[in-house]
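These notes are about the structure you will find just below.
Quantities reported herein were computed from a predicted structural model and do not represent experimental measurements. Letters go in sequence order (proteins before strands), and every chain restarts at 1.
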Number of protein chains: 2
Amino acid sequence: MLQVSRKFEYGLHAVTYLATKGLGRVVTVKEMADEIGFSQEFLSKAMQSLKRAGIAASVQGVKGGYRLGKAIEEVTVADIALAIEGKPHLVRCGVKADRCEIFSSCHHRGYINTLQHKIQALLTATTIHSLLKEIEG
Amino acid sequence: MLQVSRKFEYGLHAVTYLATKGLGRVVTVKEMADEIGFSQEFLSKAMQSLKRAGIAASVQGVKGGYRLGKAIEEVTVADIALAIEGKPHLVRCGVKADRCEIFSSCHHRGYINTLQHKIQALLTATTIHSLLKEIEG
DNA sequence: CTTAATAGGGTTAAAATAGTCCTATTTAAC
DNA sequence: GTTAAATAGGACTATTTTAACCCTATTAAG
């Protein structure tokens, strides 16, 4: 429950790396994987997802690599989650459709949706920058 | 990412049921499973977890069943998550131990922990009662 | 003493996650 | 222009987690 996937962790870590050790240059997946100790191939997939979402930008070819695609102040946890995991689908109404009139299944969908919105709002309000600052400060 | 498990969903739904349709009596797992359309056996496991956590109380034997173990105002989403899924372990530092000096792995653990605390605080602040009220109101 | 319920261990099936492998494309350097 | 180092991405496999099922014990009402 509410555990982040490893791919999300890789992405989060990589963004932090780019924002702290990758300023003014492009960083290869190999460097990040070596430094951090992640699987290069798998981190590569995460970077591709981040690139598609505009969070990272890439340079192809020799001397290529990744840099941030936008200011770190503008990257939220929700952005990274969306880029890597796709739309969060917290709600999975297990109630059979034909029972919907019997019990308050719409209430159910309703309040679990409310919960989802609360979590989503929190993630959207949390930038990577702010997380880094909280640790340092 | 951040998707609730079915068991958690079952538990949440059951607590709501007890709080709305189970007042002043005990409700069997069979009744809840039939009404809501869940697997009886699996819901039973969820109820056992809720009972161990004090969220539900049980009566054994014929005419037995479940009722709420505490006031619905006092049951939070975090309580149900903890009862059913165990301690939330959002953080799973994938960084190899011997790399910890090289990169800011403690920062990493630090800020993902900060994120964890934020989510936990939200779930703890959210009672089932408040969710139900938000929908109705 | 039979029946309807919770309690719970153990096993299996299905789904999601994590990781690997291979190939194509891009581009700097020689 | 050939080579080498990098991203891009499709396809596959292994592992882990989740969901579900089966079976037996225990409890208590009638």
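With hydrogens and angles ignored, no donor-acceptor pair under 3.5 angstrom links the side chain of A/Lys7 to the base of C/dG19.
Residue B/Ser44 places none of its side-chain N or O atoms closer than 4.0 Å to OP1 or OP2 of C/dG8. Between A/Arg52 and D/dG9 there is a side-chain polar atom (N or O) within less than 4.0 angstrom of OP1 or OP2. Here A/Thr28 does not reach the OP1 or OP2 of D/dA5: none of its side-chain N or O atoms lies under 4.0 Å away. Listed pair B/Tyr10 / D/dA20 meets the phosphate criterion, a side-chain N or O lying under 4.0 Å from OP1 or OP2. For D/dT17, the OP1/OP2 oxygens have no side-chain nitrogen or oxygen of B/Ser5 closer than 4.0 Å.
Separating the CD atom of B/Gln40 from the P atom of D/dC22 is a distance of 12 Å, rounded to the nearest angstrom. Distance A/Leu18 CG to D/dT7 C1': 14 Å, rounded to the nearest Å. What separates CZ of B/Phe8 from P of D/dA19 is a distance of 12 Å, to the nearest Å. Between A/Leu50 atom CG and D/dG9 atom C1' there is a gap of 15 Å when expressed in whole angstrom units. Atom pair B/Glu85:CD and D/dA19:C1' shows a separation of 12 Å (rounding to whole Å applied). Whole-Å rounding puts the A/Leu43 CG to D/dT7 C1' distance at 12 Å. Atoms CZ (B/Arg6) and C1' (C/dA13) sit 15 Å apart, rounded to a whole Å. Between B/Tyr66 atom OH and D/dT27 atom C1' there is a gap of 12 Å when expressed in whole angstrom units.
The residue from A/Met47, A/Lys21, A/His13 that alone fulfils the side chain to side chain contact (heavy atoms under 4.5 Å, CB included) condition with A/Met32 is A/Met47.
Using a 4.5 Å cut-off on side-chain heavy atoms (C-beta onward), B/Val15 and B/Ile80 make contact.
For A/Gln40 and A/Ser44, the side-chain atoms include no donor-acceptor pair closer than 3.5 Å. Side-chain contact of A/Glu74 with A/Thr127: a donor-acceptor pair under 3.5 Å is absent, judged by distance alone.
Taking the nucleotide of DNA chain D with the nearest heavy atom to each of A/Gly64 and A/Glu41, the more 5' of the two is matched to A/Gly64. Looking at which nucleotide of DNA chain C each of A/Gln60 and A/Phe42 is closest to, the 5′-most match is held by A/Phe42.
Comparing C/dC21, C/dA28, D/dC21 by their nearest atom to the side chain of A/Lys45 picks out C/dC21. Distances were taken from every side-chain heavy atom of A/Val62 (C-beta onward) to each of D/dC21, C/dA7, C/dA28; the shortest belongs to C/dA28. Relative to the side chain of A/Gln48, the nucleotides D/dA8, C/dG19, D/dG30 differ in distance, and D/dA8 lies closest.
Considering all non-hydrogen atoms of both residues, B/Leu18 and B/Tyr66 come closest at CD2-O, 3.6 Å.
Within the 4.0 angstrom heavy-atom criterion, only backbone atoms of the sugar-phosphate kind lie near B/Lys51; the bases stay farther away.
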